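Below is one structure, written out as structure tokens, with a few remarks after it.
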Amino acid sequence: MIPESVRAWVAEVAALTTPDRIHWCDGSEEERVSLTAEAVASGVLIPLNPEKLPNSYLHRSDPTDVARTEHLTFICSATKATAGPNNNWLAPEEAKARLTPLYRGAMKGRTLYVVPFVMGPVGSPFSKVGVELTDSVYVVLNMRIMTRMGNQAWGQLAGRDEFTRCLHSLGDLSPDRRFICHFPEENTIWSVGSGYGGNALLGKKCLALRIASALGRDQGWMAEHMLILGVQNPAGEKSYICAAFPSACGKTNLAMLVPPPAMAAKGWKVWTVGDDIAWLRPGPDGRLWAVNPEAGFFGVAPGTSNRTNANAIVSASANAIFTNVALQTDGTVWWEGHHEAPRPGMLDWRGNLWDSSSGQPAAHPNSRFTCPASQCPSIADEWEDPAGVPISALLFGARRPNVVPLVTEARSWQHGTFVAATLASETTAAATGAVGVLRRDPMAMLPFCGYNMGDYFAHWLRMGAAVPHPPRIFGVNWFRTDASGKFLWPGFGENLRVIEWVLDRCAGRGEGVESPIGTLPANVDFDGLGLSAEQQAALLAVHPEQWLQETVSQAEFFQRFGDTIPAALWAEHAELARRCEA
Ligand code: GTP
Ligand code: SPV
Ligand code: MN
């Protein structure tokens, strides 16, 4: 069942990395038990309270290895132009010359785990197979949750040679010897020097976004940094939407939205299909259909509570791996924004006694929980449907303290592509580097697009033209603040009020008011939120002079991409400036 090409590659990697032993993962429960015991014995995992968090563990990563490292992430395509200004680029031969010495002997004293996995439902012709070779048992146990891992992947391959070769070693964990390299032309990923999240769980950002985006360009589909949500209105009409927000800007939370009591009482229902990645392709009905290629959640812990995201709390209440959270004395976990109170004796994410007066967070701001999607109380029955779900609307949102209103609808697919291509957000702790700096993050894909973003925008325009009934496109912003820096919008469950208007627009209902940047809602249901008339107006305000300023920074961003920016997007840019001046 295992292709000869896999055996040959494993032998080649073993000769280079010289592990003490090789373990071929089968994905079985016995294997999970024995690998977990191994991880506990070596201190990689700390068992948590078996009554309160059954079968769950804490992992503390190296303190210098706590987030994706975009400056150490490379696209190694044949030419720099195909990688584009949005990516770091290395020539494939040069990347291999640099990384090979870092892999040489790197697995001495360690086990080489062979981790076969499927992204997407098993048996679906659209799913993709990867094989990750890694020396991290933490990576294996996370991949077991995040993907369909084990022998089923060999079945999915059915003897074919079509799989992504994912090579990973912790190396010495030094940021000076850390590289995350993608070879789209060889369907290969090489990662070394990090054990964290998107740097090391290679099925996620590396395969399902960077490699997949390039495949989608060639094959007529799209790999996007989007959640997938099912919504049923009181009339019983069920619709699906996707939403792209940059890292740590609210996808998991929107995906698990709990309708506020007043809307639940009217009959609103919400289901989760995916929380981070969507693969979209044209369906036979001329709409775009979305599949969640993942099998689990790798969610941001801070801010997650019974009040903000009860579904995530339940999802991660068993069979979970927590990374870099704080540890309470009773073997439960804690982070900033948790609904429980921190108790004396709590250990911080590094394992030191936490001093609440230190001003230091107890959990790392990018601490995370990994848990199976099947445990989510709001998971949709159809979440593993190989055909996916038909998408009515695409939302693009980010952290914008000012300028961007709560919601606007784009005038067309082309205008919506422009809105998405000019998305900007304050940076977060999900990647190393400064936090709170405004940067352009088109489609929330700046760190994840595996090729030149100008060509990616062209692909978006082509996809819209290829689909007779494309989703409507909306811009949203949950993060607008008042003069004192306080969020104007309550967010979380209340975001369903915005979605109500979005779905009304998709159904041809929903009153709108034209503005220079798109259609604003004539009325959002603000009832019961305690917002003053000024606050309501501030949430929806569009100031043409601020948007004229935006067009300057949009132009600067587009200019970096030279003539790869489609003329249609420059036309939308000119049109925005014209409308602001009018
Ligand atoms: P990645 O997993 O990094 O791709 O992030 P994500 O987009 O899934 O972000 P997530 O939903 O985990 O949210 C990140 C942070 O934003 C958490 O601390 C949330 O509590 C907070 N957040 C999410 N939704 C809202 C909202 O509607 N309003 C406010 N104020 N904060 C929110
Ligand atoms: C993100 O940073 O967007 C994540 C977490 O979803 S990671 O898997 O580390 O990329
Ligand atoms: Mn993400």
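Counting starts at 1 for both ligands and their atoms, following the listed order. Given the structure is predicted, the values throughout are model-derived calculations rather than measurements.
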Taking only heavy atoms of [X], which atoms of ligand 2 are found under 4.0 Å from at least one of them?
X: F298; value: 5 (C), 8 (O), 9 (O)
X: D276; value: 6 (O)
X: A430; value: 2 (O)
X: F448; value: 3 (O)
X: K204; value: 6 (O), 8 (O)

Provide the closest heavy-atom pair for [X] versus [Y] in the form atom of the first, atom of the second, distance.
X: V118; Y: G120; answer: CG1-O, 3.4 Å
X: C242; Y: I228; answer: SG-CG1, 3.9 Å
X: R178; Y: L173; answer: NH2-O, 3.2 Å
X: I379; Y: S374; answer: CG2-O, 4.3 Å
X: A393; Y: F474; answer: CB-CE1, 3.9 Å
X: F457; Y: T417; answer: O-CG2, 4.2 Å

Which ligand 1 atoms does [X] reach within 4.0 Å, using its non-hydrogen atoms?
X: P246; result: 7 (O)
X: F487; result: 30 (N)
X: W478; result: 26 (C), 27 (O)
X: V300; result: 12 (O)
X: F479; result: 29 (C), 30 (N), 31 (N), 32 (C)

Problem set entry | R439/E70 ion pair, N-O < 4.0 Å |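 Result for this pair is yes, salt bridge flagged.
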For this session: State whether K266 and E500 are salt-bridged, where the test is any N-O pair (Lys NZ or Arg NE/NH1/NH2 against Asp/Glu carboxylate O) under 4.0 Å.
Result: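 No, no charged N to carboxylate O under 4.0 Å.
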Which bit of [X] is near ligand 1, meaning a heavy atom under 4.0 Å away: side chain, backbone, both or neither?
X: D276; value: side chain
X: P490; value: neither
X: C249; value: backbone
X: N309; value: neither

Exercise. Where on L201 is there a heavy atom closer than 4.0 Å to ligand 2, on the side chain, on the backbone, on both, or on neither?
Worked result: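 Neither part.
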For this session: Quick one: look at F297 and ligand 2, take heavy-atom pairs under 4.0 Å, and tell me if it's side chain, backbone, both or neither.
Result: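 Neither; no heavy atom under 4.0 Å.
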For this session: Classify the ring geometry between W489 and F526 as parallel (under 30°), tilted (30 to 60°) or perpendicular (over 60°).
Result: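 Ring orientation, 0 to 90° scale: perpendicular.
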For this session: Classify the angle between the aromatic ring planes of Y138 and H59 as parallel (below 30°), tilted (30 to 60°) or perpendicular (above 60°).
Result: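 It falls in the parallel class, under 30°.
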Exercise. Between atom CE of M149 and atom CE of M143, what is the distance when rounded to the nearest 0.5 Å?
Worked result: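 The CE atom of M149 sits 8.0 Å away from the CE atom of M143.
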Exercise. When rounded to the nearest 0.5 angstrom, what distance separates CD in E340 from CH2 in W335?
Worked result: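 Separation between the atoms: 9.0 Å.
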To which protein heavy atom is [atom] closest, and what is the distance rounded to 0.1 Å?
atom: atom 4 (C) of ligand 2; value: K205 NZ, 2.8 Å
atom: atom 9 (O) of ligand 1; value: G250 N, 3.0 Å
atom: atom 18 (O) of ligand 1; value: P302 O, 2.8 Å
atom: atom 5 (O) of ligand 1; value: A248 N, 2.7 Å
atom: atom 9 (O) of ligand 2; value: G198 N, 2.8 Å
atom: atom 19 (C) of ligand 1; value: N253 ND2, 3.5 Å
atom: atom 3 (O) of ligand 2; value: S247 OG, 2.5 Å
atom: atom 20 (O) of ligand 1; value: G303 O, 3.5 Å

Problem set entry | Contact check, H225 vs ligand 2, heavy-atom distance below 4.0 Å |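 It does; at least one heavy atom falls under 4.0 Å.
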Out of [options], who is nearest to [atom] when you count heavy atoms only?
atom: atom 2 (O) of ligand 1; options: R68, R368, K251; result: R368
atom: atom 5 (C) of ligand 2; options: R368, R68, M146; result: R368
atom: atom 31 (N) of ligand 1; options: F448, F369, F492; result: F492
atom: atom 15 (C) of ligand 1; options: H225, R399, M256; result: R399

For a quick check under 3.5 Å, do [X] and [Y] share a side-chain donor-acceptor pair by atom type?
X: T252; Y: D275; result: yes
X: E224; Y: W460; result: yes
X: D135; Y: S169; result: yes

For this session: Apply side chain to side chain donor-acceptor pair (under 3.5 Å) to H339 and N306, showing your working.
Result: CA-CA 6 Å; H339 48 271; N306 280 344; 3.2 Å; yes
Exercise. Hey, which of L167, V139, L201 is the one that makes side chain to side chain contact (heavy atoms under 4.5 Å, CB included) with T134?
Worked result: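 Of the listed residues L167, V139, L201, the side chain to side chain contact (heavy atoms under 4.5 Å, CB included) partner of T134 is V139.
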For this session: Identify, by name, the N, O or S atom of D276 lying closest to the Mn ion (ligand 3).
Result: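 It is OD1 of D276.
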Exercise. Is there a heavy atom of W489 sitting under 4.0 angstrom from any atom of ligand 1?
Worked result: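 Contact check W489 vs ligand 1: negative.
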Exercise. Taking 2.8 Å as the cut-off, does an N/O/S atom of K205 lie below it from the Mn ion (ligand 3)?
Worked result: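 True for K205.
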Exercise. Is there a side-chain contact between P405 and I517 (heavy atoms, below 4.5 Å)?
Worked result: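 Answer yes - side chains close enough.
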